[in-house]
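Sequence positions, counted from 1, serve as the residue numbers for this chain.
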Amino acid sequence: MRTIGKSKLLNIPAQGGIPVEQTNGEIRKSKPTPVKNYLDLADKIAEVQYLNPEYVLVFRGQSADHTDENKMTSIRPGIFRGRDSTVTRSPIEARFEKLRRAEKLLIEKWLDAPVAGNEKIKKYRILRWSILQHYEICETPLLDVTYSLRVAASFASLHDDSHGYVFALGVPNISGTVTTDMEAGLQTVRLSSVCPPQARRPHIQEGYLLGEYPDISVYAEKQNYSSFEVDFGRRLLAKFKFEKRTFWSRNTFPQISRQALYPNSDDTFMAVAKQIKTELGD
């Protein structure tokens, strides 16, 4: 995956004021821009989008701003987190093996699931990964993001930490179920086009998934990529920090509850997901 661009990007500085030109690397090393409440965040996001019209913004909410060894914001899929071991079996290698088994089980269970069948699930690996990732069955090379700023901010508020963080990532124009941009080395999956209506979670969360192109299907292929390359911090346009205690104080846009974000009792695919997780074991 390529960085979001060698040219300067327009960003809102953490101290506020006039937008400044920064590279992706400078944005990743900078402090998050503080925001007072949701409307303040929405206003700043609108400005970032206006200043960078060549990108579509998608969002990710987290409880922390994780950094790499260079003190740069790092946003990696779960399957790539942690260090490789040259002595014992790599934990990343084990995760890829679990992913392979999960794919096989998904294909087997999908036809018997109480949802509409879809031949595409059997044919396309990226779609299987999307379902496995979004239902937290196992880790994949994909990253969860959302098109909804409010959903991202609500996710950032679910943890007990005092602060929440929202990251704005720039992606190429999105069209269809899977958008592939060879130049950017990026795939974008629109979950609402992958999952049937009975699988409520991805529709409510307005979920998307980002992945490398070409995708990394087995652990051996991971050796062709540096850890820097599989870091979606390379697509970062802006990052924001807020105090959870006061962020949702204005009732115009209330926080989306955990129950609403995870409608497990009303999601008929949850039974299938739980069955797959049980058969996978640890």
Side-chain angles (χ1 to χ4, degrees), residues 58 60-63 75-82 89-147 151-152 154-155 158-159 177-178 187-212 215-219 221-222 230 232 258-282:
V58 292
R60 180 171 173 84
Q62 296 182 176
S63 61
I75 308 175
R76 298 179 185 175
I79 203 167
F80 295 124
R81 294 172 194 160
R89 190 183 187 206
S90 162
I92 298 178
E93 185 178 5
R95 292 170 196 156
F96 270 100
E97 172 58 24
K98 185 175 183 179
L99 173 59
R100 184 194 64 78
R101 292 188 289 116
E103 284 188 74
K104 185 174 182 294
L105 286 170
L106 177 62
I107 293 173
E108 293 173 356
K109 305 297 183 185
W110 188 263
L111 296 178
D112 297 326
V115 295
N118 193 334
E119 288 297 314
K120 291 182 179 180
I121 299 299
K122 294 193 294 182
K123 290 181 180 179
Y124 301 110
R125 179 172 56 216
I126 190 75
L127 302 186
R128 295 194 295 272
W129 285 0
S130 298
I131 293 171
L132 294 171
Q133 169 76 13
H134 202 67
Y135 278 88
E136 301 171 300
I137 295 172
C138 69
E139 294 166 322
T140 79
L142 303 179
L143 180 78
D144 278 297
V145 294
T146 176
Y147 194 66
V151 167
S154 296
F155 270 116
L158 291 182
H159 304 279
T177 302
V178 180
Q187 295 183 91
T188 306
V189 183
R190 184 170 61 192
L191 280 166
S192 62
S193 300
V194 176
C195 299
Q198 297 93 332
R200 290 185 175 180
R201 183 190 292 192
H203 297 276
I204 290 174
Q205 294 180 4
E206 297 183 55
Y208 285 76
L209 288 163
L210 304 181
E212 292 280 342
D215 54 45
I216 305 173
S217 59
V218 294
Y219 176 73
E221 293 176 3
K222 191 262 182 188
V230 291
F232 287 94
R258 180 185 295 273
Q259 184 178 3
L261 289 171
Y262 295 99
N264 295 343
S265 60
D266 298 320
D267 191 328
T268 54
F269 189 73
M270 279 303 300
V272 179
K274 289 179 180 178
Q275 188 176 0
I276 295 175
K277 290 184 72 172
T278 299
E279 294 191 31
L280 279 176
D282 296 331

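Residues Glu206 and Tyr208 come closest through the heavy atom pair O-CD1, 3.6 Å. Contact record, Asp144 with Gln133: OD2-NE2, 2.9 Å, taken as the closest heavy-atom pair. When every heavy atom of Ile126 is checked against every heavy atom of Val189, the shortest pair comes out as CG1-CG2, 3.6 Å. Considering every non-hydrogen atom in both Tyr147 and Val58, the closest pair reads CD1-CG1, 4.5 Å. Nearest heavy-atom pair, Ser130 versus Leu142, reported as atom, atom and distance to 0.1 Å: N-CD1, 3.7 Å. Across all their heavy atoms, Arg95 and Glu139 have their closest contact at CD-OE1, 3.1 Å.
Distance check: Leu210 CG to Gln187 CD gives 10.5 Å after rounding to the nearest 0.5 Å. Rounding to the nearest 0.5 angstrom, the gap separating the CD1 atom in Ile107 from the NZ atom in Lys123 is 12.5 Å.
Residues Tyr135 and Lys277 form no side-chain contact, since every pair of their non-hydrogen atoms from C-beta on lies 4.5 Å or further apart. A 4.5 Å side-chain heavy-atom check between Ile137 and Leu105 finds every atom pair outside the cut-off. A 4.5 Å side-chain heavy-atom check between Tyr262 and Glu136 finds at least one atom pair inside the cut-off. Under the 4.5 Å side-chain criterion, counting only non-hydrogen atoms from C-beta, Val151 is not in contact with Ile204. Side-chain contact check for Leu209 versus Thr188: every heavy-atom pair is 4.5 Å or farther apart. Taking the side chain as every heavy atom from C-beta outward, Lys98 and Arg101 approach each other to under 4.5 Å. Counting heavy atoms from C-beta on, the side chains of Leu99 and Pro141 come closer than 4.5 Å. Side chains of Leu127 and Val178 form a contact here, defined as non-hydrogen atoms less than 4.5 Å apart.
Remark: side-chain polar atoms of Gln205 are paired, donor with acceptor, to backbone N or O of Leu261 under 3.5 angstrom. A donor-acceptor pair under 3.5 Å is formed between the side chain of Arg258 and the backbone N or O of Leu158.
The existence of a salt bridge linking Arg100 and Glu103 is excluded, since no basic side-chain nitrogen approaches an acidic carboxylate oxygen closer than 4.0 Å.
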Checklist entry - Does the side chain to side chain contact (heavy atoms under 4.5 Å, CB included) test come out yes or no for Gln62 and Ile75, once each step is laid out? => result CA-CA 10 Å; Gln62 296 182 176; Ile75 308 175; 4.1 Å; yes
